[in-house]
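Numbering of residues begins at 1 and proceeds along the displayed sequence. All values reported here derive from a predicted model rather than from experimental measurement.
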Amino acid sequence: MLASALALPWQLWPSFALHHKPNEDGSVEGEKAVLPDAQQEQKQDGNDNPEKQLNAASKALTDLITRLDLYRPGSQPPSSRITPSHSPLPGPEELLSLTGLWNYAGFLSQKAADVAGDVLRHQLWGPKKKSWGVRMTVLSAFMRGVGKYSALGNLALIRLLMSLPAFLPPSSEALITPIAFRVKRRGLRGLLAEYDAQEDGRREITAEWVVSKALWRKLNTEWKREHPDTRPGSRESSRQRQHPPRVKGRVILYLHGGAYYVFNASTHRPITIPLSHACSARVFAINYRLAPETRFPGPLHDAVSAYLRLTRDMAIPPSSILLAGDSAGGGLALALALYLRDNAYPLPAGLILLSPWVDLTMSSDSWDSNAAYDIVPVPPPTSHLNPVLNYLGPGPAGIGTYLTHPYASPLFGDLSRLPPLLVQCGDAEVLRDECALLAHKAARAGVTVKHEMYEDAVHVFQMLQWLPQTAKAWECVRGFVRGEVREYARRMKGECGLAAGAGPVVPEEQETEASVPAFDDRPQPRVPPSIHLPTPSPSPPSTSPARQVQGQTLPPASSPIPSLDGETMCTFPQSVVVDCLGEEIVKGREACGLEMERDEDEEVEGEEGEAEGGEGEAEIGEGI
């Protein structure tokens with residue numbers, strides 16, 4: 001679903017769109033845009049010469065596809081920042097030694113100087129990003145370059161510091177129910193078969209159900225209406241304990257971020273609570289095992305176990321399930337979808353990916369171009385806190401084998417036959433480019449994709465509730481669930497009994513690898529006839545000579561890859577740019593912020609919905 005009409009050179013589009021609001025009629029005030037002189041002249045020349053427009057657009061598109069052709073299993077892009085030759089250095093032995101305390105004092109003084117300098121600059125000359133307030137300036141200044149000080153701490157200390165927000169008073173906007181479930185041996189196939197065979201039913205995974213108060217009132221009202229006599233000791237109450245009713249409504253399996261070695265479900269409540277409210281869904285957030293105690297594919301095994309618990313143990317239809325995750329959790333959610341598709345398990349109805357980390361080689365240009373703005377600490381490649389080395393393990397058996405494995409780096413995998421994807425990222429974050437590449441690659445594979453880039457936003461900005469972009473992001477999530485996900489779920493429930501893109505849904509005992517369909521019923525990407533798209537080669541790229549495709553000469557895979565940055569990024573009809581005020585600059589589709597119809601997802605008002613504790617609290621979690 002690449003661009004079906006290229007009205008202006010796409011390499012100009014992001015830099016032009018990011019800094020302007022649309023008029024009331026949806027047009028953009030291009031004549032009043034303040035662009036660099038070279039870009040302004042190029043834009044005017046393009047308007048006067050349609051052929052030059054087409055050539056520029058074709059070149060940008062060809063460069064993008066040439067770069068995408070590098071992301072194949074077993075092949076590392078030339079710009080990889082992580083290679084199998086990297087091995088971790090030992091961490092600090094004593095954190096509270098005299099030398100350690102002196103180093104801590106130096107670190108704090110340096111960060112105090114950074115914060116003071118940025119705040120002074122903010123007051124005198126304005127912020128680094130035009131929409132940033134003082135809070136954002138302070139946060140960026142403190143987090144900038146923190147990765148260079150990784151020798152001052154270890155994982156235990158970092159996990160302790162990162163878990164402190166979980167001890168704050170719980171939010172009054174949601175009902176949170178902690179639970180634990182045992183991991184069963186389920187006869188998993190493929191990569192996880194060996195790990196599944198080791199399960200004996202005693203290992204537990206902790207998790208929590210998160211339900212917004214609005215949804216809880218509605219569910220509690222409906223439950224009371226269907227079960228009027230639930231007093232302790234009554235016949236109806238006894239029956240409910242013996243035969244819990246089937247879960248109704250939409251459920252989101254959420255996988256938290258944290259570079260695979262920090263954070264947990266409770267630390268991500270600033271995301272799971274508004275996610276439940278925006279989607280009118282229960283959120284099932286699990287605590288998968290963390291690295292380096294459990295390396296790849298251990299977290300993927302836990303994610304698959306949680307998904308099968310929903311579909312098999314709780315009898316939730318896959319058409320009512322969504323996968324969601326942020327950062328490393330976003331990459332893990334996509335890896336889960338790839339595993340389910342490859343092994344003929346029923347797929348969920350959609351994926352919500354918030355700044356997903358899908359390329360462990362860290363080969364995108366934005367890792368450098370946005371390092372001065374983002375809040376992601378990036379340790380040196382040989383640091384003991386390098387998340388890739390901790391997650392995959394050093395040496396040939398770890399990073400040497402799995403660095404470009406599709407279940408570890410989903411950007412290197414085949415993205416066809418997946419449910420609809422929503423990819424949100426900020427244009428000031430280090431993962432911006434790989435999010436754009438992911439959206440383009442999925443769109444080329446025929447997947448329904450929405451790609452949203454938010455101006456001046458940093459990594460997982462949805463956690464920062466004071467930003468105007470955050471409110472807009474949740475509004476777009478709501479629109480995605482009510483639009484693409486709902487339509488896809490209806491297709492999954494169709495008369496033919498096929499889960500679109502996943503093949504027939506067969507009983508557990510009948511599932512085989514032969515169940516994977518050899519067809520794809522999704523509409524294929526539409527490409528303007530005047531734009532020649534290189535056909536991807538079925539084999540991994542190598543040091544091959546230049547290729548001739550549709551009359552165009554493409555460089556060999558070993559040639560320097562084209563730069564992908566905010567000035568040259570190629571967008572497509574599913575791409576949306578949101579400015580710093582939460583206003584959409586839309587190209588190719590309707591705005592996601594249109595007023596939604598009132599339907600069954602709306603909050604039930606009235607005194608009936610006001611529950612007073614007791615039975616309702618247990619129902620929301622594991623019972624309904």
Do you know the tightest heavy-atom contact between [X] and [Y]?
X    : Y    : answer
L347 : P318 : O-CB, 3.3 Å
A291 : L155 : O-CD1, 4.1 Å
S416 : V447 : CA-CG2, 4.3 Å
A285 : T272 : CB-CG2, 4.3 Å
P410 : G331 : CG-O, 3.5 Å
V458 : Y373 : CG1-O, 3.8 Å

Report, one line per pair, each donor and acceptor closer than 3.5 Å where one atom sits in a side chain of residues 395-405; sequence neighbours left out.
residue	atom	partner	partner atom	Å
T401	OG1	P396	O	2.5
T404	OG1	G74	N	2.9
H405	ND1	Y407	N	3.1

Ignoring hydrogens and geometry, is there a side-chain-to-backbone donor-acceptor pair from [X] to [Y] under 3.5 Å?
X    : Y    : value
E455 : G426 : no
S383 : L385 : yes
Q462 : I271 : no
Q76  : T361 : no
S75  : R72  : no
N370 : E429 : yes
W367 : S369 : no

Quick one: does [X]'s side chain get under 4.5 Å of [Y]'s, heavy atoms only?
X    : Y    : answer
E452 : L422 : yes
F480 : L421 : no
P377 : Y149 : no
P379 : V146 : no
R81  : H86  : no
V423 : I352 : no
P299 : R289 : no
M162 : T267 : no

What's the separation between atom [atom1] in [X] and atom [atom2] in [Y], rounded to the nearest 0.5 Å?
X    : Y    : atom1 : atom2 : answer
D326 : C425 : CG    : SG    : 13.5 Å
R185 : Q198 : CZ    : CD    : 9.5 Å
R417 : L338 : CZ    : CG    : 10.0 Å
N390 : L290 : CG    : CG    : 10.5 Å
D427 : D433 : CG    : CG    : 10.5 Å
D196 : H301 : CG    : NE2   : 5.0 Å

Practice item. Would you check, one step at a time, whether the test side-chain hydrogen bond (donor to acceptor under 3.5 Å, both in side chains) holds for N287 with T206? Key: CA-CA 6 Å; N287 294 313; T206 59; 2.9 Å; yes
Taking the basic N atoms (NZ, or NE/NH1/NH2) and the acidic carboxylate oxygens, is any pair closer than 4.0 Å for [X] and [Y]?
X    : Y    : value
E484 : K450 : yes
K184 : D313 : yes
D342 : R189 : no
E293 : R159 : yes
R203 : E199 : yes

Check your understanding: How far apart are the C-alpha atoms of Y254 and H268, what are their side-chain angles, what is the distance that settles it, and do they pass the side-chain contact (heavy atoms from CB on, under 4.5 Å) test?
Key -> CA-CA 10 Å; Y254 191 84; H268 277 63; 4.0 Å; yes
Do the side-chain N and O atoms of [X] and [Y] include a donor-acceptor pair separated by under 3.5 angstrom?
X    : Y    : answer
H384 : N154 : no
Y71  : S363 : yes
S364 : S366 : no

Practice item. Carefully, step by step, assess L336 and V304 under the rule side-chain contact (heavy atoms from CB on, under 4.5 Å). Key: CA-CA 7 Å; L336 170 58; V304 173; 3.5 Å; yes
Exercise for review: Apply the test side-chain contact (heavy atoms from CB on, under 4.5 Å) to residues I321 and I252: give CA-CA distance (whole Å), side-chain angles for both, the deciding distance (0.1 Å), then the verdict.
Suggested key: CA-CA 6 Å; I321 299 177; I252 299 175; over 6 Å; no
Review point. For the rings on Y288 and H256, is their centre-to-centre separation under 6.0 Å?
Key: yes
**Study point:** Derivation and outcome, ring-ring contact (aromatic ring centres under 6.0 Å, His included), residues F461 and Y454
**Key:** CA-CA 9 Å; F461 64 93; Y454 292 77; 5.0 Å; yes
Exercise for review: Please determine if R295 forms a cation-pi arrangement with Y260, meaning its NZ or CZ atom is less than 6.0 Å from the six-membered ring centre and no more than 45° off the ring axis.
Suggested key: no
**Study point:** Test side-chain contact (heavy atoms from CB on, under 4.5 Å) applied to L188 and Y345, step by step
**Key:** CA-CA 10 Å; L188 299 180; Y345 293 105; 3.6 Å; yes
